[in-house]
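First up is the structure itself, then whatever we jot down about it.
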Amino acid sequence: MNTQTIEFIRPAKKAATPPRWSVAEVEALFKLPFSDLMYRAQQVLREHFDPNAVQLSTLLSIKTGGCSEDCGYCPQSAFNSTGVEDRKMLEVNAVVEAARAAQQKGAGRFCMGAAWREPSDEDMASVVEMVKAVRGLGMETCATLGMLTDEQTEQLRAAGLDYYNHNLDTAPEFYGSIISTRDYRDRLDTLERVRKAGMNICSGGIVGMGESLAQRAGLIVQLANMNPYPESVPINNLVKVEGTPLAQAEDIDPLDFVRTIAVARITMPEARVRLSAGRQQMSDAVQALCFLAGANSIFYGEQLLTTGNPDVEKDRALLDKLGMYPFAEKM
Ligand code: SAM
Ligand code: DTB
Ligand code: SF4
């Protein structure tokens, strides 16, 4: 596919309304004077949310390593030699215990991640049990399992899954430089299935992979023009893992990361914008700017999937220092 000229990949079914954002408009947001951008992002945040309440999600890797996809950023790809071992899926009880512990520490949402291209039927039977049990604790549930069929999507919905995470990761025209074992259309198809089944969508991307500003804007355009756009938008700062092709990628300027959060907030006003991977490498000051830019969700707990995240005490201290508090979920 010649991707040079693609600005926006339309959903398979034509959206009823024209795309809300063009790449040029989103690029113009990125280029605003920093204070103007922050001001707009704060205005939008305050129109839709309590600006001091942060939603807390805890991640658990329920199936780690040995993944058959070749994602250039990922420590769990079998194509990358990162030392992450291929483990078997966790038992349902172990997952429920981890969810209970996360809940006791104040997490409202529990996200179960698996290093799969797609789940098998056998995998699905266990995941369905996990979702039911975690939901039984009174937590919001999220899963990220790779591509789904219609039937699998329906199984998750019936189990009570609240959110399905499936990231677009980057702009369509940069995608082939990062991943070759699937294409953008595959991602959009799964997202459309999730939407059709009536579940909430969690979809975002990674910055700091060597993308251009236009490509960073291109990712936001794809997300913001989904109709409706995702309820939850994780913005990850690439965690550079030795043994992945992106281990030596150049660091993104922290202020450009903050700008990405602000642009996500302005273009997707009602979404939870999550300041996601990469917080362990970020100063308190940059995280505070991300909140100012409209981030209102974080991953909470010492571990992401295979890499670290700030510990709970450190995050509590940061939120206290900023006068912020956990968002209480309405169940
Ligand atoms: N295998 C499933 C998939 O790819 O959809 C679910 C798990 S996968 C690890 C979930 C997401 O983690 C990816 O889409 C990517 O956005 C993020 N991710 C993986 N490695 C990362 C890294 N090194 N830095 C930042 N984000 C990363
Ligand atoms: C998301 O956007 N980021 C999370 C979650 N959704 C699944 C994953 C981050 C993974 C970082 C690398 C790792 O820990 O393996
Ligand atoms: Fe597999 Fe997901 Fe990692 Fe890609 S991001 S290698 S699909 S676990």
Side-chain angles (χ1 to χ4, degrees), residues 57-87 89 109-119 123 127 142-148 152 163-170 175 178-184 186-191 194 201-211 219 223 230 232-249 251-252 257 260 264 271-282 295 297-310:
S57 291
T58 294
L59 266 175
L60 178 69
S61 180
I62 60 166
K63 162 67 186 84
T64 305
C67 184
S68 62
E69 301 272 31
D70 70 351
C71 311
Y73 47 76
C74 187
Q76 304 198 68
S77 165
F79 291 82
N80 301 336
S81 307
T82 60
V84 171
E85 283 171 34
D86 181 359
R87 304 224 188 92
M89 187 169 17
R109 190 179 304 169
F110 193 68
C111 179
M112 295 158 270
W116 293 322
R117 173 178 165 79
E118 68 245 310
D123 299 330
V127 173
C142 177
T144 181
L145 316 170
M147 293 183 268
L148 298 177
Q152 291 170 334
Y163 289 79
Y164 193 73
N165 166 255
H166 202 61
N167 290 338
L168 290 178
D169 281 331
T170 192
Y175 203 73
I178 304 293
I179 300 157
S180 75
T181 49
R182 59 168 186 255
D183 62 32
Y184 219 72
D186 296 324
R187 292 310 259 189
L188 294 172
D189 287 348
T190 292
L191 289 172
V194 172
I201 289 181
C202 172
S203 187
I206 308 178
V207 293
M209 299 196 293
E211 71 283 349
L219 165 68
L223 295 165
S232 174
V233 178
I235 304 292
N236 296 276
N237 197 347
L238 175 69
V239 180
K240 294 190 258 181
V241 178
E242 215 45 65
T244 63
L246 289 171
Q248 312 306 330
D251 280 340
I252 179 179
F257 184 80
T260 311
R272 284 262 160 208
V273 175
R274 184 172 309 120
L275 165 55
S276 301
R279 281 200 306 118
Q280 209 172 33
Q281 292 75 27
M282 238 173 248
S297 170
I298 55 172
F299 284 124
Y300 178 70
E302 284 70 19
Q303 185 86 355
L304 291 168
L305 292 173
T306 65
T307 65
N309 195 46

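Just so you know, these numbers use all the heavy atoms, side chains as well, and skip hydrogens, waters and symmetry mates. Whatever order the structure lists them in is the order used to number ligands and atoms, beginning at 1. Computed from a prediction, not measured in an experiment: that's the story for all the values here.
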In short, Thr64 meets Gln76 closest at the heavy-atom pair CA-OE1, 3.3 Å
Interatomic spacing from CG in Leu191 to CG in Asn167 - rounded to 0.5 Å: 8.5 Å
Just to be sure I'm reading this right: ignoring hydrogens, which of Asn236, Ile179, Ile206 gets closest to atom 27 (C) of ligand 1? Compare them by their nearest heavy atoms. Ile206
Residues that Tyr175 engages under ring-ring contact (aromatic ring centres under 6.0 Å, His included), provided they are two or more places apart: Tyr184
Specify the protein heavy atom at minimum distance from atom 12 (O) of ligand 1: its residue, its atom name, and the distance to 0.1 Å. Asn167 ND2, 4.5 Å
Please confirm whether Tyr73 comes under 4.0 Å of ligand 3, counting heavy atoms of the residue only. yes
May I ask you to identify, for Met147, whether its side chain, its backbone, both or neither come under 4.0 Å of ligand 3 on a heavy-atom basis? neither
Within the 4.5 Å heavy-atom criterion, are Cys111 and Thr144 side-chain neighbours or not? yes
Any pair with a residue in residues 236-246 that passes salt bridge (Lys or Arg N to Asp or Glu O under 4.0 Å), sequence neighbours left out, goes on the list, sorted by first then second residue, please. Lys240-Asp251
Does at least one non-hydrogen atom of Ser276 fall below 4.0 angstrom from an atom of ligand 1? no
Please determine if Asn237 has a nitrogen or oxygen closer than 3.5 Å to a nitrogen or oxygen of ligand 1. no
For Trp116, is at least one N or O under 3.5 Å away from an N or O on ligand 1? yes
Verdict with supporting geometry, Arg109 and Ser297, side-chain contact (heavy atoms from CB on, under 4.5 Å): CA-CA 10 Å; Arg109 190 179 304 169; Ser297 170; 5.7 Å; no
For atom 7 (C) of ligand 1, which of the options Ala114, Pro75, Ser77 provides the nearest non-hydrogen atom? Ala114
Would you check, one step at a time, whether the test side-chain contact (heavy atoms from CB on, under 4.5 Å) holds for Leu168 with Leu188? CA-CA 8 Å; Leu168 290 178; Leu188 294 172; 3.8 Å; yes
Are a donor atom and an acceptor atom from the side chains of Tyr73 and Asn236 found within less than 3.5 Å of each other? no
Kindly indicate whether atom 20 (N) of ligand 1 is approached by any protein heavy atom to under 4.0 angstrom. yes
Where do Asp186 and His166 come nearest, in terms of heavy atoms and distance? O-NE2, 4.5 Å
Compute the minimum heavy-atom distance from Gly146 to ligand 1 and say whether it is under 4.0 Å. yes
May I ask you to list the atoms of ligand 1 that are less than 4.0 angstrom from any heavy atom of Ala277? 25 (C)
Nearest heavy atom to atom 24 (N) of ligand 1, choosing from Thr144, Leu304, Val239, belongs to Val239
Output yes when the distance from some N or O of ligand 1 to some N or O of Tyr73 is under 3.5 Å, and no in every other case. yes
Checked atom 4 (Fe) of ligand 3: protein N, O or S atoms closer than 2.8 Å come out as Cys71 SG
Taking atom 6 (S) of ligand 3 as the reference point, report whether a protein heavy atom occurs under 4.0 Å from it. yes
Ligand 1 N/O within reach of Ala115 N/O, cut-off under 3.5 Å: no
Pocket residues of ligand 2, ordered first by chain and then by residue number (heavy-atom cut-off under 4.0 Å): Leu59, Pro75, Thr144, Asn165, Asn167, Pro234, Asn236, Phe299, Leu304, Leu305, Thr306, Thr307
For Leu305, the ligand 1 atoms whose distance to one of its heavy atoms is below 4.0 Å: 9 (C)
Provide the closest heavy-atom pair for Gly113 versus Leu305 in the form atom of the first, atom of the second, distance. CA-CD2, 4.2 Å
Using a heavy-atom cut-off of under 4.0 Å, does the side chain or the backbone of Asp169 touch ligand 1, or both, or neither? side chain
For the residue pair Leu145 and Asp123, establish whether any side-chain heavy-atom pair is separated by less than 4.5 Å. no
When only distance counts, is Arg187 in polar contact with ligand 1, meaning an N/O pair under 3.5 Å? yes
